[in-house]
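Here is the naming used below: chain letters follow the sequence lines, and residue numbers restart at 1 for every chain. Just so it is clear, the structure is predicted and the values come from calculations on it, not from any experiment.
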There are 2 protein chains.
Amino acid sequence: MATSRSHRPATRSRGIPEATVARLPLYLRALTTLSERSVPTVSSEELATAAGVNSAKLRKDFSYLGSYGTRGVGYDVEYLVYQISRELGLTQDWPVVIVGIGNLGAALANYGGFASRGFRVAALMDADAALAGKLVAGLPVRHIDELEAIVEDNQVSIGVIATPAGAAQEVCDRLVTAGVTSILNFAPTVLQVPEGVDVRKVDLSIELQILAFHEQRKAGEQGQGPDGDVPAVMPA
Amino acid sequence: MATSRSHRPATRSRGIPEATVARLPLYLRALTTLSERSVPTVSSEELATAAGVNSAKLRKDFSYLGSYGTRGVGYDVEYLVYQISRELGLTQDWPVVIVGIGNLGAALANYGGFASRGFRVAALMDADAALAGKLVAGLPVRHIDELEAIVEDNQVSIGVIATPAGAAQEVCDRLVTAGVTSILNFAPTVLQVPEGVDVRKVDLSIELQILAFHEQRKAGEQGQGPDGDVPAVMPA
DNA sequence: ATGTCTTTGTGAACGCGTGCACAAAGATAG
DNA sequence: CTATCTTTGTGCACGCGTTCACAAAGACAT
Ligand SMILES: NC(=O)c1ccc[n+]([C@@H]2O[C@H](COP(=O)([O-])OP(=O)(O)OC[C@H]3O[C@@H](n4cnc5c(N)ncnc54)[C@H](O)[C@@H]3O)[C@@H](O)[C@H]2O)c1
Ligand SMILES: NC(=O)c1ccc[n+]([C@@H]2O[C@H](COP(=O)([O-])OP(=O)(O)OC[C@H]3O[C@@H](n4cnc5c(N)ncnc54)[C@H](O)[C@@H]3O)[C@@H](O)[C@H]2O)c1
């Protein structure tokens with residue numbers, strides 16, 4: 001953190017670490033739950049437990065946003081909800097387009113938690129002409145050719161890709177050209193994007209493989225003889 | 001990512017860093033593509049580009065697995081595919097249960113890439129009695145009461161949770177009690193698990209919020225458009 | 001065998017993230 | 001007002017992960 005002694009950061013916190021940003025939604029969720037229960041304040045210890053993190057980490061995270069706590073008491077739940085929401089940009093509306101309305105795309109469209117936090121499905125799009133006009137989650141599927149117009153008309157800056165891997169890069173290029181600058185990619189591909197465009201990926205297959213790695217290691221630790229087929233040991 | 005694996009004893013286990021493990025599936029995917037094209041060898045530079053990472057990082061990652069490259073030539077694609085597969089534990093079969101066959105659970109069940117890499121759907125489970133017996137992706141939905149028997153009979157060690165958030169912890173507890181030691185959680189909840197159980201989460205909402213944060217920052221930095229520093233908002 | 005050329009494997013430096021530990025801040029009670 | 005008690009905010013140290021940069025290894029040609 002900067003060497004500033006002022007209580008309030010003069011400018012909007014420019015330097016929020018990426019790791020902190022990734023945890024803010026977690027805190028926000030826990031805080032929202034508390035808010036619904038009309039809990040007025042919460043200590044860093046309680047909130048940290050609810051969010052599944054270390055309390056020192058949580059306090060440091062909040063310190064990047066400013067000093068919103070009261071020593072001896074804790075944090076004001078409502079105020080913190082507002083501050084984090086604002087920091088994450090959730091006080092405004094984010095229209096989103098979902099491209100590829102297959103199994104996954106349809107599930108995403110039906111996902112309630114989508115709209116709950118400022119994210120609004122502006123359009124569902126698919127290349128399959130047979131799908132065009134069909135209602136999914138109350139919205140008509142639009143043909144991919146309308147993408148550019150929809151993105152512009154709705155000021156869409158976030159796109160979700162749920163097409164097969166083979167089509168993902170092409171869809172990505174079109175989204176970017178149309179003006180989308182944030183992409184959430186569910187297809188198992190590494191997307192190539194120009195500077196200034198953010199991509200985040202959700203990859204089921206990778207998650208499972210990571211779990212398998214640890215699972216194998218756990219299985220190998222117990223009992224197995226010294227010559228198991230559990231790989232890779234560095235001689236100490 | 002959030003794995004309950006953060007408390008590693010001082011013992012420097014088999015050296016593979018967590019960050020490296022998380023990238024191995026990425027390399028494997030790129031290598032599999034090369035393999036299908038019958039490319040015999042690949043340099044760290046080429047492979048790194050395909051995987052979207054830095055070549056030095058890739059070489060260091062591979063160095064944890066051993067010295068599988070040939071200087072002046074590169075890496076043998078087939079050999080590397082095998083080594084990484086073995087390291088990740090993909091040379092064996094991993095039966096998986098999916099709990100909660102709603103929108104998302106059904107999409108997961110239909111997901112082809114699931115079975116492609118040693119992961120086999122052992123059972124689909126749901127608490128809704130009306131779903132019991134219904135075929136999803138060719139498999140009958142089983143009632144949640146059969147969970148313990150199915151986990152034991154099929155030696156299931158990996159469970160996928162796709163239930164509503166409110167049911168996730170309860171389902172998690174049952175999975176763990178039944179013997180599952182790795183969980184992939186799609187519900188927006190922080191799961192509490194005992195030592196030795198790995199949890200990875202996939203959280204659409206969090207990903208979107210992270211994108212929104214950066215999007216807001218991008219919009220605020222350069223006075224974009226006629227609306228000033230606050231991006232245009234759709235009228236309600 | 002010798003030299004040249006390519007590419008690996010890794011030492012070292014650096015930066016980020018984490019967690020400990022504690023002084024300071026403020027609430028609360030007397 | 002003073003004392004006590006709770007909890008924040010953060011300085012600091014440490015470890016992990018990333019990246020640079022280069023010597024060593026090996027292929028290949030002559
Ligand atoms: N289903 C899952 O649970 C799951 C899980 C993880 C990852 N994924 C990935 O998500 C993606 C979608 O999976 P799915 O099961 O929904 O597949 P799907 O085949 O059911 O749906 C894909 C949809 O994309 C459409 N499409 C194809 N090319 C297009 C294009 N150029 N432009 C617009 N639309 C196009 C198709 O018409 C189809 O409707 C795949 O890449 C898959 O690997 C799926
Ligand atoms: N749909 C999405 O794209 C999406 C995206 C991100 C996250 N999620 C999360 O994934 C979860 C599932 O989403 P969904 O859209 O499929 O919901 P859904 O309501 O369509 O399906 C939930 C299913 O879980 C079953 N269920 C409820 N309690 C259960 C229990 N105790 N044991 C077993 N099964 C039980 C229900 O019968 C239902 O079939 C939710 O937590 C949601 O927040 C969904």
TODO: May I have the distance from Arg23(A) (atom CZ) to dG17(C) (atom C1'), rounded to whole angstrom?
DONE: 8 Å
TODO: Could you tell me whether the phosphate oxygens of dC22(D), OP1 or OP2, come under 4.0 Å of any side-chain nitrogen or oxygen in Arg59(B)?
DONE: no
Open item on the list: Would you say the ring centers of Tyr79(B) and Tyr68(B) fall short of 6.0 Å from each other?
Closed with: yes
Open item on the list: Between the side chains of Asp203(B) and Arg29(A), is the shortest nitrogen-to-carboxylate-oxygen separation below 4.0 Å, so that they form an ion pair?
Closed with: yes
TODO: Output the single nucleotide from dG17(C), dT18(D), dG9(D) whose closest atom is nearest the side chain of Lys57(B).
DONE: dT18(D)
Task: First encountered from the 5' end of DNA chain D, between Thr70(A) and Ala56(B) - done: Thr70(A)
Task: Nearest-Å distance for atom pair CD/P, residues Glu18(A) and dG15(C) - done: 19 Å
Open item on the list: With a 4.0 Å limit, can you tell me whether Asn54(A) has a side-chain N or O closer than that to the phosphate oxygens OP1/OP2 of dC20(C)?
Closed with: yes
Task: Nearest atoms (heavy-atom pairs only) where Val53(B) meets Arg23(B) - done: CG1-CD, 4.1 Å
- [ ] Provide, to the nearest angstrom, the distance between the CG atom belonging to Asp61(B) and the P atom belonging to dT8(C).
- [x] 14 Å
- [ ] Would you please confirm or rule out a distance under 4.0 Å between OP1 or OP2 of dG9(D) and any side-chain N or O of Tyr75(A)?
- [x] yes
TODO: Give a yes or no on whether a donor-acceptor pair under 3.5 Å exists between the nucleobase atoms of dT8(D), that is its base, and the side chain of Arg71(A).
DONE: yes
Open item on the list: Taking Leu31(B)'s backbone N and O only, do any of them form a donor-acceptor pair with Ser35(B)'s side chain (distance below 3.5 Å, no angle check)?
Closed with: no
- [ ] Take atom CG of Leu47(B) and atom P of dT6(C), then tell me their distance rounded to the nearest Å.
- [x] 20 Å
- [ ] Report yes if a donor N or O on one partner sits less than 3.5 Å from an acceptor N or O on the other, where the partners are the side chain of Lys60(A) and the base of dT18(C); otherwise report no.
- [x] no
Open item on the list: Does a side-chain N or O of Ser44(B) approach OP1 or OP2 of dT8(C) to a distance below 4.0 Å, or not?
Closed with: yes
- [ ] State whether the side chain of Gln155(A) and the backbone N or O of Pro95(A) hold a donor-acceptor pair below 3.5 Å, judged by distance alone.
- [x] no
TODO: Identify whether any heavy atom of Phe62(B) sits under 4.0 Å from a base atom; if not, whether one sits that close to sugar-phosphate; answer base, sugar-phosphate or nothing.
DONE: nothing
Open item on the list: Nearest whole Å is fine: how far is dG17(D) P from Leu58(B) CG?
Closed with: 16 Å
Task: Nearest-angstrom distance from the residue atom CG of Asp76(B) to P of dT7(C) - done: 16 Å
TODO: Could you tell me the separation between the CG atom of Leu80(A) and the C1' atom of dT8(D), rounded to a whole number of Å?
DONE: 13 Å
